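Residue numbers begin at 1 in each chain, while the letters A, B, ... track the order of the sequences. None of the values given here were measured: they were computed from a predicted structure.
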Amino acid sequence: MPLNRKQIAWRAAQDLADGVYVNLGIGLPTMVADVLPEGREIVLQSENGVLGVGPAPGANEIDLDLVNAGKQPVTLVTGGSYVHHTDSFLMIRGHHLDLALLGAFEVAENGDLANWTTGDPKFPPGVGGAMDLAVGAKEIRVLVEHTTRGGTPRLRRRCGYPLTAAGVVRRIYTDLAVVDVTAEGFLVREMVEDIDFAALQAKTEAELRKAPDLKVLEAPPF
Amino acid sequence: MPLNRKQIAWRAAQDLADGVYVNLGIGLPTMVADVLPEGREIVLQSENGVLGVGPAPGANEIDLDLVNAGKQPVTLVTGGSYVHHTDSFLMIRGHHLDLALLGAFEVAENGDLANWTTGDPKFPPGVGGAMDLAVGAKEIRVLVEHTTRGGTPRLRRRCGYPLTAAGVVRRIYTDLAVVDVTAEGFLVREMVEDIDFAALQAKTEAELRKAPDLKVLEAPPF
Amino acid sequence: MIDKRVKNLADAVAGIKDGATVLCGGFGGAGSPEALYAALLEQGARDLVVVNNNAGTGRTGLAGLMAAGRVRKIICSYPRSSGSVVFEELYKEGKIELELVPQGILSERMRCAAAGLGGFLSPVGIGTQLAEGKEEREIDGRRYVLEKPLRGDVALVKADRGDRWGNLSYNKSARNFNPTMAQAAALAIAQVRRFVELGEIDPEQVITPGIFIDRLVEVPG
Amino acid sequence: MIDKRVKNLADAVAGIKDGATVLCGGFGGAGSPEALYAALLEQGARDLVVVNNNAGTGRTGLAGLMAAGRVRKIICSYPRSSGSVVFEELYKEGKIELELVPQGILSERMRCAAAGLGGFLSPVGIGTQLAEGKEEREIDGRRYVLEKPLRGDVALVKADRGDRWGNLSYNKSARNFNPTMAQAAALAIAQVRRFVELGEIDPEQVITPGIFIDRLVEVPG
């Protein structure tokens, strides 16, 4: 079975080591906050100047002055702190974050990331903090469904959509696989049990290689 | 009688309007803090991140964590605040200060300021915050003795010493006169009573002009 | 005596000129000076260039200014959000200009102006559409674009507490763009929840020192 | 669990390499991490490039490092102060290099590095000896020099309180260069007066968030 969105988030969360500083992009990556591994201190940063984002508040605890980058109410963990936007992006752009987990429209086998615009002239484009994050965090990983709803692969030879940043993505978590971006292109580290490698390849535009120690991708039911 | 140093400081202080933000350079300008006009709120900034420098502390109130740019213990006035060095110089360089009162080796009739090095190769040069202040405050005024101890004029056609900044000085307070720097050169606004204009000119390298409403420069005894 | 407090919103926004570049604080609802936006609508200045992270939502606040045809151009990082209906309509009809700037660069460009600098070299956007037309250069093997300072004629910001000198403190993530915008404009106007006595804000906790603020008005909530 | 506290000064400065660029906090005595300087002397790293506003006074602290011949170069704004005898002797004898940088530019160059930028255009020093040899350009009729980022391998800073995450608060003007230096070095080491529990520093009053700090050691006084 392909993973559901929460399971993709769970899988990405398993790779977060104790003590890392992480920015979670809007959408699927934000769900990582709800499935962090127990017993690790993982510090979540939000572009709008929150270091140490905590879980969503209870209905009676909402403070509209405390929101995340997606403008949803959040809380602050003990040890967290506030900075203004300019300092927040100093943190982001200056390689102070260990990791940014981002969503994407497409990722290319050379690590190119496209996640800000489809180039549709009918809609005004919006970039937000995506470009700052993509060049600024020490490492970029992407959480994304393996294909669009229409079945078009999101893991590509080259991005068709306008780039967010060139050559920055190191790992991709999808509903079907965990894929590393290497100097030789996409390397499949894990894949779900009920799909064979040829079927996975068929859902991927760029060529896939199989890791020697290929593992099963699985996640608890949510 | 020429003014003494405290009297020069007093005279410069009289021109500080209620509500101005001012940086006082090291040396003679620092003395302005002790002779501020009563009844005006004048906010003194110090390069090391103090906005609202107060008077020197009593012997039992000294806190070595609270010093001015000259590293002398100071106090903070009510309404004052602290920033770090980078923000302090944002304030300085970004034209947020109404005024900087600086010392000088020489000032030229075109407003050039030389106050950081005599160029003597035996001594290592030191610039401190002088260049940042000279280009950053909205207006620069200089407090200086009219001549060196040896009698060499400090108000010159062109500076002989290396420049701190070009064309920035607007007014000069000396022990003998108050001199404005105008598009036509030095204009004497005030001079002490017991010297005539020719004598003042003799102590000045560049040509002096006399303001139509030339006033007497006087200060209370200190 | 320094007293930057004004009595009402009309006094707060008095004198804002047609054609002004207005730095507008807030990120979503947090730290958004809604009362100042309403006052600016009332005040009547037009042909404005608005700088904000987004492009307004609903039909009031920034969106109200746009709906009334007062905004010539918006400089923002993310114009489309749920509810940015007014902007989207104007954009489709070609009735508003858009300059899209990455969020951190938007903030950094305002800081650059505030700090009296002439520009900075940024790695953000290299190799993308947003670097097109910008001067590029390589330093130590890394490519950068030259970004220019972004200065406001006016800043409208929201803070939590403010004293008569204009010292401000903020609440939690409502800080966001406000401190930098207050530094980057010729005329900085703050809407504060509560006036406090001078000295009541701990000097260590003043986030915007009064030197950056020109007027402040009390608006509870 | 994040715990950046170390037990003693030797652990605090362990691993600092010969040739390192060391950002040294403090302005005069205020905020000067004297215990870390002494520990670095003990530790033995040599051929150091030291960044500080001044060039040490007396014969201990930074001056002690210089007197022991550990400092190849100093980058500062004002090397001569009363008591900077060690530096002056070494300078006369040509035994130490000096790079003189205006005080605000010193700080801004470190911030530039911290912020991941490639440089900035500065109006400071135009038309003076300190602009000689620097790339110059004119923008909108004003002249600027291009200033480069100044990054540290190590920062030694002093703060007032610190928690196990490395969150720091400072006391009064002892803040000075410390917050920016902590941001601008690959390894940031803080000497704090007092360890406090996580959460004891008000989140609004954290001046250096823990993300910038790698190690902290408690040194009362």
Minimal non-hydrogen separation, [X] against [Y], with atom names:
X	Y	result
Pro209(C)	Val83(B)	CG-CG1, 3.9 Å
Tyr21(B)	Trp165(C)	OH-O, 3.9 Å
Leu117(C)	Arg93(B)	CD2-NE, 3.5 Å
Val206(C)	Ser81(B)	CB-CB, 3.7 Å

Pick one of side chain, backbone, both or neither for [X], based on which atoms fall under 4.5 Å of a heavy atom in chain C.
X	answer
Val77(B)	side chain
Tyr82(B)	both
Leu97(B)	both

Can you confirm whether [X] is buried at [atom1], in the sense that more than 12 heavy atoms of other residues, nucleotides or ligands lie under 6.0 Å from that atom?
X	atom1	result
Gln14(B)	CD	yes
Lys17(C)	NZ	no
Asp213(B)	CG	yes
Arg151(C)	CZ	no

Rounded to the nearest 0.5 Å, what separates atom CD in Glu41(B) from atom CG in Leu198(C)?
7.0 Å
Can you tell me how far apart CG (Asp87(B)) and OG1 (Thr208(C)) are? Round to the nearest 0.5 Å.
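It is 10.0 Å, given to the nearest 0.5 Å.
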For His96(B) and Ala114(C), indicate whether the former's side chain and the latter's backbone hold a donor-acceptor pair under 3.5 Å.
yes
Suppose a student defines contact as a heavy atom less than 4.5 Å from any heavy atom of chain B. Which residues in residues 178-193 of chain C would they list?
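So far as heavy atoms go, Gln183(C) are the residues that approach chain B to under 4.5 Å.
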What residues of residues 18-45 of chain C sit under 4.5 Å from chain B when you count only heavy atoms?
none
Criterion side-chain contact (heavy atoms from CB on, under 4.5 Å) on Phe212(C) and Leu90(B), from CA distance to verdict:
CA-CA 11 Å; Phe212(C) 297 115; Leu90(B) 174 151; 3.8 Å; yes
Any chance you could lay out the side-chain contact (heavy atoms from CB on, under 4.5 Å) test for Ile211(C) and Val43(B), step after step, and finish with the verdict?
CA-CA 9 Å; Ile211(C) 190 171; Val43(B) 184; over 6 Å; no
